[in-house]
Amino acid sequence: MRIERRLRQPRWLIVAVPAGSLVFAFFAAGLVLYATGHNALSSYRQIVDAAFLNSGAIGQTLTQATPLAFTGLAAAAAFRMRLFNIGAEGQLFMGAITADAAGLYLGGHGWPTALVIFAMVIAGCAGGAAWALIPGALRAFFKTNEIITSLMLNYVAAYVLTYLVFNTESYWRQTKGFNASVFPTSKTLPNDALWPSAMIHARGGIALPLGAGIAVLVAFLLWFLFTRTRFGFEAQVLGDSPRAAQYAGMRTRRKILAVMGISGAVAGLGGASQVGDFAHMLDADPNGLQKQYYGYTGIVVAALARYNPLAVVVVAFLIGALQNAGNTLQGADFPSGLVGVMQGIILFSALGGELLVRYRVRVGRTMPATEAA
Amino acid sequence: MNNSLLVVVLASGVAYGTPLLYGALGELLAERSGVLNLGVEGMMLVGAVMGFWTVQRLHADTALSLAAAVGVAALAGMAMAAIHAFLVITLRASQIVSGLALTIFAGAAGLSSYLGNDLNLADNPARHAFNAAVFPSSMQGWPIVGPIIFGQNVLVYASWVCVVGVSLYLSRTRLGLNVRAVGEAPASADAMGINVTAYRYAHTLAGGAFAGVAGATFTLAITPQWVSGITGGAGWIAIALVIFAFWRPALCLVGAYFFGALQALSPQLQARGINLGPTELWANSLPYVMTVVVLVFVSASGARRRLGAPASLGLPYVREER
C-alpha cells in the first residue's frame, strides 16, 4: 500500500470526508459505549430525541449552538493563519464580564434598548479582544508560543470571573435582598438590556436568539474578509509560508495582532450573547458556564468545518445538538464526559480523513519507474 | 526551622512539582524525536483516573496495588498517546490540532470524566496512597534537608531516577543519539538506516506513559481521591516546562520544582495570614500567570533555537518528499 500526494483535491471529497468522519465517529463512540456496558443504539436514539425531536429541543440546541458558533468562528479566524488561539474560553468569559457591565450600567440609566444592546456587543468584543491581545502581543513582539499563553489565560479568566461574584462585592454582584445574603449571586440585567429573540411557531415554538443571527452575520463578514480582501489573502500567506510573506513585505506583527484581536473579539461577542441572550446575568459559578467548555469545543467546530466560517455555522448547529443532548440526558445511562469523548473522536476522524483529501491511497504492487526505492 | 515558610514551600514544592516533572520528561522524549504532543493534560487525566481505579478495585496489599496502579496509569497514558502517534506519524495530521483533539477527547470534559462517572470513582478517598514514610522519621526531622529531601514519597525518588535515566539515555547512548538525530534531521537519520517511524512511535508512547504516571501522582499521592479535572492545567505547564528547560532533563527538574513551589506558595501564605491584595484571585492564578511570564522571558531571550528545540519538531516526516 502506498500513499501519494494528490495534485488536485476533488471538491466532493471536501464535503464527503467530514461527513464520513461523523459517521465513523458515531461508530467508534458506539464501541466506547458498548465496552462500558451501555446500549449504543438506544443512547443514539435518546440523543436524536433530545437534540431535535422532543418539544422545545431545537430551541435548546440553538442555545448551545450559538456560543459554539462564536467560539468556532474565533478559532477558525485564528487557526487559518496558523495562530493557535486556544484561549476562546477565557476571551468568552472576559466578553461576558464587560458586556454585562455595559448592560447593567446603560440599561439602568434609561438608554433605549437598541443602543444598550449595541453597547453590549461593542463591550463584549472589546473585552474578548483585549484578553486575546495579551498572547497576541507576546507572540508578535517576543515570539512567545501563543498556544500555551492563551491557554494559561483561560484559567486566569475563569478565576477572575468567579472572583468578581463570589469573593468580592464588585459591581457585578447582587448585594441587596435576602437571597444575596445567603449565597453570592450576580445582578440581573435590567429589562432594557435583554436581547430579543424571534419566535418561529413550529414544533412547540422555536426561539431564534439574537446572538444566533449575529453569529451568522459575523460568519459572512469573516468569510468575506478571508476570501475577498487583501487582508485575508495576506493572512493566508503568512499562515502558509511566513518566509514568503516576509519577502513580499507583509507586516507580520501587525497581522498577528489584528487576527488575534478579531479572534478574541468574536469569542467575546459569544460572551456578550451568553449574558444578553441566555443567562441575563454574569454566570460566575465554577460549575455553570465554566463547565460548558464552549471555548474548547469551538476548536472541534472550527476544525470540522475546515476553518471555513460559513461551514462553522452549520457544524456549530450539529455539535450544539450533541452538547444539548449531553446536558439533557446526563445521568446513569449517559455519563457526563461522553459528549467530550464523541467530540474528540469526531475531531480525530476528521483529522485522519484529511489524509484522504490530501493524499491518494493506492493498494497494489506496481511501482512507477521514476520512484527510487 | 523546618516550619519556616521557605522550607515548607520548598518541601511541598517538590511534591507539587513531581507530576510536572514526569509530564515534562515524557513530553521531552516525544519532542526530542520530533513529535509535539499537546495532549499531555488529557493523557495525565486518563492516567490519573485509571491509576485511581486500580487502587480502588484491586484487592491486594498496599505496595502491590500501588505498583499496579502506576503500571496501569502508564499503560492508559500510552494508549492515549498511541492515538496521537497514529494520527501524526502514520496519517501525517497536524500535530497541534491532533494534540488539542487528544486533550478534548481525554480531558476534563471527555474520557477521564466519563470513566470517573461510569466507574463511580468520585465518592471515596483512595484505599491506598503513597506516603512519605520512606526514610525514618528521625531523618525527616533533620533541619532543611529533612522535609525537603527525606520527607517525600516513592514517586518523588523514582522521578529523580527517571531524570538521570532520561538524561543519560539521550546524551550517552547510541539509541539516544539516534533519537536526537530523528528529531533534528529525520531525512539524514533515515539515510543512516534509522527507522524514523519506529523511533517516533516509541518515544511518543514513552511520553504517554510518563504523562500517565504524572496523572497518577495526583490521585495517589498529592490529593488521594478522584475529582474530574484534578490536574487543573498541569499538563500544559509541563509542556511549557520543556521549553523553559531548553529540552534538557536536568533543567526540567529545576523548573518543575520552581513551578511546584509557586503552587505551594499561595496556600502557605494564606495559612499564615499574609495578605497581598485579593488573595483568592492571585493565589489561584499565580502559577498560570507565572508560566506566561517565564515563557516570555525564555522566548524573548532569543535563545530558543540555539538552546535545543529539535529542528524538525512538529513536522511530519514523509520519505517521498525529502
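Throughout, protein chains are lettered first and strands after them, A, B, ... in sequence-line order, and every chain is numbered starting at 1.
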If we define contacts as heavy-atom pairs under 4.5 Å, which of [options] has the most with chain A?
options: B:Leu91, B:Val296, B:Leu295, B:Thr103; value: B:Val296
options: B:Ile96, B:Leu111, B:Thr291; value: B:Ile96
options: B:Val97, B:Ile237, B:Thr90; value: B:Val97

Task: Check: A:Asn85 and A:Glu146 side chains under 4.5 Å, non-hydrogen atoms - done: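 They are not in side-chain contact.
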Open item on the list: If we define contacts as heavy-atom pairs under 4.5 Å, which of A:Leu153, A:Leu164, A:Asn167, A:Leu347 has the most with chain B?
Closed with: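 Looking at each option in turn, the highest pair count goes to A:Asn167.
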Open item on the list: Just so I understand: if I count every heavy-atom pair under 4.5 Å between each of A:Thr297, A:Val300, A:Ile86, A:Thr168 and chain B, which residue has the most?
Closed with: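 Most pairs with chain B among the choices: A:Ile86.
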Can you tell me how far the [atom1] atom of [X] sits from the [atom2] atom of [Y], to the nearest 0.5 Å?
X: B:Leu28; Y: B:Cys252; atom1: CG; atom2: SG; result: 5.0 Å
X: B:His84; Y: B:Leu100; atom1: NE2; atom2: CG; result: 10.0 Å
X: A:Arg306; Y: A:Arg80; atom1: CZ; atom2: CZ; result: 10.5 Å

Would you say the side-chain atoms of [X] pair up with the backbone N or O of [Y], donor to acceptor, closer than 3.5 Å?
X: A:Arg139; Y: A:Met260; result: no
X: B:Thr219; Y: B:Ala48; result: yes
X: B:Ser112; Y: B:Ala106; result: yes
X: A:Gln64; Y: A:Gly320; result: no

With a 4.5 angstrom heavy-atom cut-off, is it the side chain or the backbone of [X] that approaches chain B, or both, or neither?
X: A:Ile134; answer: neither
X: A:Leu138; answer: side chain
X: A:Leu161; answer: neither
X: A:Tyr293; answer: side chain
X: A:Leu151; answer: side chain
X: A:Leu356; answer: neither
X: A:Ile299; answer: side chain
X: A:Phe166; answer: neither
X: A:Phe84; answer: side chain
X: A:Phe79; answer: side chain

- [ ] Could you walk me through whether A:Ser21 and A:Ser349 pass side chain to side chain donor-acceptor pair (under 3.5 Å), step by step?
- [x] CA-CA 5 Å; A:Ser21 329; A:Ser349 346; 5.4 Å; no
Task: Intermediate values then yes/no, side chain to side chain donor-acceptor pair (under 3.5 Å), A:Gln290 and A:Thr162 - done: CA-CA 9 Å; A:Gln290 296 171 34; A:Thr162 306; 3.0 Å; yes
Open item on the list: Counting only non-hydrogen atoms closer than 4.5 Å, does B:Leu102 touch chain A with its backbone (N, CA, C, O), its side chain (CB onward), both, or neither?
Closed with: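 For B:Leu102, the contact with chain A is made by backbone and side chain together.
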